Amino acid sequence: VGIAGIEPWGMEQTVICHDESVGLRAVIAIDDTRLGPGLGGIRLARYPDATAAIREAQRLAAAMTRKNAVAELPFGGAKAVVLDPGPGVDRAALMRRFGDFVARTGGAYLPGVDMGTTPHDLALVGESGAPVSCSHVDPSGWTARGVRRAIDAAVAHRGPGAGVAGLRVLVQGAGHVGRALALDLAHDGAELLIADADADRAAAVAAEVRGGVVAADAVIGTRCDVFAPCAVAGVLTPATIAALDCAIVAGAANDTLASPGCAELLAARGILYVPDFVANAGGVIQIHAERVGWDDHHLADAVDAIGPRVAGLLAEAAEHDTTPLAAAEARAARRLAAAPRVREAVA
Ligand code: NAD
């Protein structure tokens with residue numbers, strides 16, 4: 001409670017997990033379970049100190065609450081971070097032990113895969129008996145499909161036209177989602193620019209989509225119609241927003257805005273920003289589909305619904321002279337306020 005910068009009462013539960021015998025130091029942040037168990041991935045990463053790890057888990061958990069609420073899924077928001085113990089540690093023992101702590105949450109935390117963890121890790125966590133959102137399907141294609149619907153809705157919001165045909169789209173991050181998104185956009189006549197920290201990967205994907213390559217450190221000032229961040233968090237800061245040369249930002253990366261005030265800065269520059277947690281919900285929708293047994297048609301319909309959802313939020317923001325981020329947060333808050341109380345939802 002006394003740790004500077006941490007909001008102890010900002011969410012339902014924050015669990016600090018520790019077992020030195022297996023090198024485990026982890027944080028489970030359960031933000032909100034009014035809509036259902038808190039769904040969120042397990043991130044394995046290095047952190048400078050415990051405060052940074054707790055803050056990251058809490059921030060990501062809160063984002064999952066908004067993502068799941070706006071996507072109309074029966075999940076709350078949570079996230080875990082496991083501090084990377086470095087080499088020489090028995091990873092299976094680490095994950096199994098972490099699973100014990102997940103099990104103790106009694107189903108309030110429903111873990112998935114996130115940066116640094118794999119479906120195999122998740123299976124080890126599940127050996128404790130803890131429910132896990134086990135998925136053997138790579139959700140990236142569904143995430144890319146949802147981002148594409150978000151881009152289409154944003155383009156349509158700017159005015160009638162030929163959709164993405166002829167538009168210049170800069171995809172930052174040519175990984176699982178970025179590549180699929182670029183292929184989809186190229187198929188429909190967009191002009192692609194590809195950037196990746198891995199120059200070979202950028203070149204390979206650019207060749208596939210007959211697009212150009214932008215150096216990873218030259219992304220921000222490059223002129224384009226749509227900027228699709230699909231790599232790292234925190235790409236948009238006051239300084240980078242001032243240097244952007246695009247009309248629309250819509251991508252898959254989580255936490256694109258370095259701070260909430262960046263949404264106003266984008267609006268002031270006339271740049272239409274689709275909140276990341278609305279655009280990139282395809283992956284969590286896929287997890288839900290797998291759990292309830294939807295076929296691919298049903299899943300595709302649910303992911304495609306991101307399009308009208310974004311259109312509605314952009315119209316709402318314009319009508320109330322607010323930002324799309326504020327409109328999306330208000331929508332999440334309305335859904336949460338209408339939800340049953342905590343114990344009923346989790347029991
Ligand atoms: P990925 O690891 O497959 O690809 C990320 C790519 O970004 C890599 O090619 C990497 O080299 C590149 N990259 C890293 N730092 C970069 C930088 N500074 N500049 C340019 N490129 C850089 O990841 P992914 O699964 O494609 O996910 C992309 C983003 O979308 C992540 O932020 C992820 O959290 C988010 N996201 C993914 C999913 C999903 O279904 N995979 C769902 C929701 C959100």
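Keep in mind that this is a model prediction, so the values were computed, not measured. Keep in mind that the numbers below use all heavy atoms, side chains included, and drop hydrogens, waters and symmetry copies. Indexing begins at 1, ligand by ligand and atom by atom, following the structure's order.
- Below 4.0 Å from some heavy atom of P139 lie the following atoms of ligand 1, by number and element: 40 (O).
- Among all non-hydrogen protein atoms, the one lying nearest atom 44 (C) of ligand 1 is A252 O, 3.2 Å.
- When each atom of ligand 1 is checked for a heavy atom of A253 under 4.0 Å away, the hits are 29 (C), 30 (O), 32 (O), 35 (C).
- From the protein, the heavy atom lying nearest to atom 28 (C) of ligand 1 is C230 O, 3.2 Å.
- Side chain of R158 to backbone of A247: a donor-acceptor contact under 3.5 angstrom is found.
- Of all protein heavy atoms, the one closest to atom 4 (O) of ligand 1 is G175 CA, 3.2 Å.
- Between D188 and L185, the closest side-chain pair of non-hydrogen atoms is not below 4.5 Å.
- Protein heavy atom in closest approach to atom 8 (C) of ligand 1: R201 NH1, 3.1 Å.
- The side chain to side chain contact (heavy atoms under 4.5 Å, CB included) with Y273 is formed by just one residue from the set V249, I248, T323, I241; it is V249.
- Among protein heavy atoms, the minimum distance from atom 17 (C) of ligand 1 is reached at A197 CB, 4.0 Å.
- Under the 4.0 Å distance rule, the nearest protein heavy atom to atom 36 (N) of ligand 1 falls inside the cut-off.
- Nearest protein heavy-atom neighbour of atom 43 (C) of ligand 1: N280 O, 3.7 Å.
- In terms of protein heavy atoms, atom 10 (C) of ligand 1 is closest to D196 OD1, 3.4 Å.
- Contacts of T143 with ligand 1, taken as heavy-atom pairs under 4.0 Å, involve the side chain alone.
- When V214, T256, V177, L181 are ranked by how near their heavy atoms come to atom 24 (P) of ligand 1, first place goes to V177.
- Counting heavy atoms from C-beta outward, R91 and L44 have side chains that approach closer than 4.5 Å.
- Looking at S140, its side chain never comes within 3.5 Å of a backbone N or O of H176 through a donor-acceptor pair.
- Checked by atom type and distance alone, the side chain of T65 pairs as donor or acceptor with a backbone atom of A61 at under 3.5 Å.
- Looking only at protein heavy atoms, the nearest one to atom 3 (O) of ligand 1 is H176 ND1, 2.6 Å.
- Judged purely by atom type and a 3.5 angstrom limit, D276 uses its side chain to pair as donor or acceptor with the backbone of D255.
- For V232, every heavy-atom contact with ligand 1 shorter than 4.0 Å involves the side chain, none the backbone.
- Without hydrogens or angle criteria, S128 side chain to A103 main chain gives no donor-acceptor distance under 3.5 Å.
- Between the side chain of T105 and the main chain of F101, no donor-acceptor pair closer than 3.5 Å is present.
- Contacts with ligand 1 closer than 4.0 Å are made by heavy atoms of both the backbone and the side chain of A231.
- When atom types are taken as modelled, the side chain of T118 and the backbone of D121 share a donor-acceptor pair closer than 3.5 angstrom.
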